[in-house]
Amino acid sequence: MAKRGLGKGLGAFFGEEIVQEVAKERSEQKAEQAEKENGNVEENNIDKTEERKTNQVIQQMVNESGEIVIKISKIEPNQEQPRKDFKEEQLQELAESIKQYGILQPLLVQKKQDYYEIIAGERRWRAAKLAGLKEVPVVIREYSQQQAVEISLIENVQREDLNPIEEALAYQRLMQEFHLKQEEIAERVSKNRTTITNSMRLLNLVPEVQQMLIDGLISSGHARALLAISDPKQQLSLAVRIVEEHLSVREVEKAVKALGKVPKDEKKVNKDEALELIFKSLEDRMKTIMGTKVNINRKDRNKGKIEIEYYSESELERIVELIESVQQESL
């Protein structure tokens with residue numbers, strides 16, 4: 001008796017209709033299981049949903065230049081940026097311009113923990129707040145601390161937004177904190193080395209004079225002329241004169257030269273009084289001996305010359321005989 005083959009498939013045992021029904025049921029179960037698993041994945045990632053949406057929104061907002069628009073409340077100034085002095089009148093003027101035309105150049109910022117820190121554009125940010133803007137255009141970049149300082153300095157220097165002391169302090173920080181040489185700083189800000197040197201010399205002014213320079217009461221030319229005065233009181237006194245008398249830079253230079261002569265005159269007047277008395281006593285003793293006027297002219301403590309005056313030929317002979325007698329006694 002021939003054996004029945006097993007290769008005829010499940011349909012040979014259960015019928016084709018039953019097999020198809022079971023296959024359909026399994027297919028539906030697999031589809032349902034896959035949908036459930038997808039749902040579980042979404043539930044497990046629910047905490048990241050908002051972050052994904054935020055990133056998607058940001059990506060949608062990015063244009064060809066990398067510029068995006070973010071809330072102004074999310075932006076904070078860099079506490080270590082070179083510029084500290086923002087004139088209210090100029091900010092108001094910029095705010096009016098922003099109201100009419102918007103911010104023409106985006107702010108340069110970098111992402112911090114929960115905010116964006118301004119690298120360049122704090123003046124625009126302040127003016128935008130005055131103008132009532134809720135959002136501002138920005139470009140987000142990542143920079144090291146040194147790069148952030150350099151970029152902020154370069155922008156402010158090129159726009160001439162820094163006062164002379166702010167600029168000098170920024171150069172000083174690049175040298176002291178980041179160990180840059182003056183040549184390297186000059187290259188970065190497109191200035192010559194002498195300009196950097198002269199700028200940093202302003203930090204040698206007394207604090208009161210520095211503040212007068214910051215406030216615009218004196219110019220950089222005035223300040224450089226005042227650097228020749230080492231005495232703090234004299235430096236401040238002349239700075240006050242500049243403001244009160246509206247002195248030009250040339251007039252200040254002349255005044256500084258005049259001050260420079262004072263120490264020499266005082267040195268002549270204030271000679272060692274004890275030494276003067278000694279030489280005056282010697283002159284008097286010689287006058288008594290010689291019987292005529294005698295002057296001791298000294299170059300220093302050890303050198304000089306003696307002048308003996310005579311008023312007739314006979315008096316000259318007498319003085320000579322007197323000197324000869326002194327010589328003979330010494331022999």
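Count residues from 1 along the sequence. Since we're looking at a predicted model, the values are computed, not measured.
In the displayed structure, Lys287 atom NZ is contacted under 6.0 Å by more than 12 heavy atoms of other residues, nucleotides or ligands. Within 6.0 Å of atom CD in Glu89, 12 or fewer heavy atoms from other residues, nucleotides or ligands are found, so the atom counts as exposed in its surroundings.
The side-chain hydrogen bond (donor to acceptor under 3.5 Å, both in side chains) search around Ser144 returns Gln147, not counting sequence neighbours.
Between the Glu283 side chain and the Ile296 main chain, a donor and an acceptor come within less than 3.5 Å of each other. Between the side chain of Gln234 and the backbone N or O of Leu259 there is no donor-acceptor pair closer than 3.5 Å. Of the possible polar contacts, none joining the Gln176 side chain to the Arg173 backbone as a donor-acceptor pair under 3.5 Å is found. Proximity of a side-chain donor or acceptor of Asp215 to a complementary backbone N or O of Leu217 within less than 3.5 Å is not detected. At distances below 3.5 Å, at least one donor-acceptor pair connects side-chain atoms of Glu251 with backbone N or O atoms of Ser248. Proximity of a side-chain donor or acceptor of Lys111 to a complementary backbone N or O of Gln113 within less than 3.5 Å is detected.
The two residues Ile72 and Leu133 come nearest to each other via the heavy atoms CG2-O, 3.6 Å. Of all non-hydrogen atoms in Ala225 and Val256, the two that sit nearest each other are O-CG2, 3.7 Å. Residues Leu247 and His222 approach most closely at O-NE2, 2.9 Å, considering heavy atoms. Heavy atoms only, all atoms of each residue included: Leu203 and Gln210 are closest at O-NE2, 3.1 Å.
With values rounded to the nearest 0.5 angstrom, Ile196 atom CD1 is found 10.0 Å from Met175 atom CE. For the atom pair Ser199 OG and Gln182 CD, the distance stands at 9.5 Å (nearest 0.5 Å). Remark: Leu91 CG to Arg124 CZ distance equals 12.5 Å, nearest 0.5 Å. The OG1 atom of Thr195 sits 8.0 Å away from atom OH of Tyr171, with the distance rounded to the nearest 0.5 Å. In this structure, Tyr310 OH and Ile319 CD1 are separated by 8.5 Å, a value rounded to the nearest 0.5 Å. Atom CG of Leu213 is separated from atom CG of Leu205 by 7.0 Å, given to the nearest 0.5 angstrom.
Checking each of Glu313, Glu315, Glu309 against Tyr311 for a side-chain hydrogen bond (donor to acceptor under 3.5 Å, both in side chains) leaves exactly one that passes, namely Glu309.
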Determine, stepwise, if the pair Val294 / Ile306 fulfils side chain to side chain contact (heavy atoms under 4.5 Å, CB included).
CA-CA 7 Å; Val294 178; Ile306 299 172; 3.7 Å; yes
What's the verdict on side chain to side chain donor-acceptor pair (under 3.5 Å) for Gln235 and Asp231, showing C-alpha distance, side-chain angles and the deciding distance?
CA-CA 6 Å; Gln235 188 182 101; Asp231 182 81; over 6 Å; no
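A salt bridge between Glu183 and Arg193 is present, with a side-chain N of the basic residue lying under 4.0 Å from a carboxylate O of the acidic one. A salt bridge links Glu253 with Arg250: the closest approach of a Lys/Arg side-chain nitrogen to an acidic carboxylate oxygen falls below 4.0 angstrom. A salt bridge links Arg126 with Glu122; the closest basic N to acidic carboxylate O contact falls under 4.0 Å.
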List, one per line, each side-chain donor-acceptor pair under 3.5 Å for residues 92-103, sequence neighbours excluded.
none

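At least one test fails for Lys74 against the ring of Tyr116: distance under 6.0 Å to the centre or angle within 45° of the axis.
Applying the under-4.5 Å side-chain rule to Ile, Leu, Val, Met, Phe, Trp and Tyr, the cluster around Val249 consists of that residue alone.
Following chains of ILVMFWY side-chain contacts shorter than 4.5 Å, one cannot reach Tyr115 starting from Val136, and the two form parts of different hydrophobic clusters.
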